[in-house]
Amino acid sequence: FVAAANGDDTLNLEIAGALAIAMPTVKFHVTNILAKLHADNRTEAVLVALRNHQTPKIREAVRAALGDPAERVRLEALRFCVAYRDLEVVRELESRLQAPTLGQASVAEVRALCIAIARINGVNSLSVLVDLADGARPPRHPELPRLALHGLRAMNTEAGRAAMGRVALVVPALAAEVHTLLREVR
């Protein structure tokens, strides 16, 4: 199942042969597994299964999935990184927020990157998120300053809330967003 993430019929044939069942039966079961896991493809299904049941070499699988072409797979991989507090991936996530290609990412993915950095690295990510929110670093995505605030809120610390207040003073255009997010925290 894991090896056939590209969706070809090679693994389906192997499964059919090993279990002595017909190809349509294999496809039926694979389709049901994908549906039960709410996954669009095998790679995403594997990530969901791994998150639900920790297995060996999970970090390598998750890190590889961060580069997957499918956004849903990358978002699932980010959830994993947060769940396992994978500090080794923080620098890569910070780099993605500064990459020239960030402008092509969806708002949901950029928000997820900011929140993942905050949840994994805690107050250690404060300066990075503040720089992204207050414009100290040129934004690579039009919504990045606003979405970085979501990362600060995700810290759920007094330092994160104070940083949001400072950003509102420096960037008045974000004051309403800061006010809304701080109200949600309470």
Side-chain angles (χ1 to χ4, degrees), residues 1-8 11-12 15 29-133 137 139-141 143-144 146-157 159-160 163 181 184-185:
F1 192 72
V2 177
N6 62 3
D8 64 26
L11 185 62
N12 286 348
I15 293 170
H29 289 298
V30 169
T31 300
N32 283 339
I33 290 168
L34 293 175
K36 285 182 181 185
L37 294 174
H38 304 287
D40 288 335
N41 57 52
R42 292 175 190 232
T43 303
E44 185 178 2
V46 168
L47 290 173
V48 171
L50 287 173
R51 187 175 69 181
N52 293 334
H53 305 284
Q54 191 175 15
T55 63
K57 298 190 179 184
I58 191 169
R59 282 187 175 169
E60 291 120 33
V62 170
R63 288 179 185 162
L66 286 171
D68 195 270
E71 181 183 87
R72 284 185 63 172
V73 173
R74 293 190 305 271
L75 291 174
E76 188 65 30
L78 284 171
R79 288 184 200 99
F80 254 108
C81 292
V82 170
Y84 291 103
R85 299 283 193 248
D86 188 355
L87 289 170
E88 295 171 19
V89 80
V90 170
R91 286 202 202 292
E92 179 185 343
L93 300 181
E94 289 174 355
S95 295
R96 286 176 187 233
L97 286 172
Q98 287 298 304
T101 56
L102 186 69
Q104 299 165 4
S106 72
V107 168
E109 186 169 6
V110 176
R111 181 178 180 272
L113 283 165
C114 292
I115 291 172
I117 289 170
R119 293 226 171 115
I120 295 167
N121 210 21
V123 292
N124 295 326
S125 59
L126 193 66
S127 63
V128 170
L129 290 168
V130 167
D131 287 352
L132 293 171
R137 298 179 185 197
R140 301 289 188 164
H141 189 281
E143 296 290 320
L144 184 56
R146 184 178 69 79
L147 298 172
L149 292 173
H150 289 263
L152 291 169
R153 183 180 129 238
M155 283 182 199
N156 203 21
T157 64
L181 291 172
E184 289 175 5
V185 170

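The structure presented is a predicted model; accordingly, all values stated were derived computationally and were not measured.
Considering Asp131, Leu144, Leu147 in turn, Leu144 is the only one that fulfils the side chain to side chain contact (heavy atoms under 4.5 Å, CB included) rule with Leu97.
Across all their heavy atoms, Arg63 and Asp86 have their closest contact at NH2-OD1, 2.7 Å. Contact detail for Ala116 and Val82: the closest heavy-atom pair is CA-CG2, 3.5 Å. The minimum heavy-atom distance linking Val62 with Ala77 is given by the pair CG1-O, 3.4 Å. Scanning both residues, Gly160 and Leu126, for their nearest heavy atoms gives CA-CD1, 4.0 Å. Nearest heavy-atom pair, Arg146 versus Glu143, reported as atom, atom and distance to 0.1 Å: NE-OE1, 2.7 Å. Between Leu129 and Ala118, the closest heavy-atom pair is CD1-CB, 3.8 Å.
Atoms CD and CD1, from Glu88 and Ile120 in turn, are 11.0 Å apart once rounded to the nearest 0.5 Å. Note that CG of Leu66 and CG of Leu113 are 8.5 Å apart. Values are rounded to the nearest 0.5 Å. For the atom pair CG (Leu149) and CZ (Arg153), the distance works out to 10.5 Å, reported to the nearest 0.5 Å.
Side-chain contact between Arg72 and Asn41 is absent, with no heavy-atom pair separated by less than 4.5 Å. Inter-residue side-chain proximity for His141 and Val107 is flagged as met; some heavy-atom pair is nearer than 4.5 Å.
Evaluation of the side-chain hydrogen bond (donor to acceptor under 3.5 Å, both in side chains) test over residues 95-105, restricted to residues two or more places apart or in two chains, returns Glu92-Arg96. The side-chain hydrogen bond (donor to acceptor under 3.5 Å, both in side chains) analysis of residues 111-125, with sequence neighbours excluded, yields the pairs Arg111-His150.
Between the side chain of Arg74 and the main chain of Gly67, no donor-acceptor pair closer than 3.5 Å is present.
By the side chain to side chain donor-acceptor pair (under 3.5 Å) test, Arg140 is found to be paired with no residue, residues two or more places apart in sequence or in another chain being considered.
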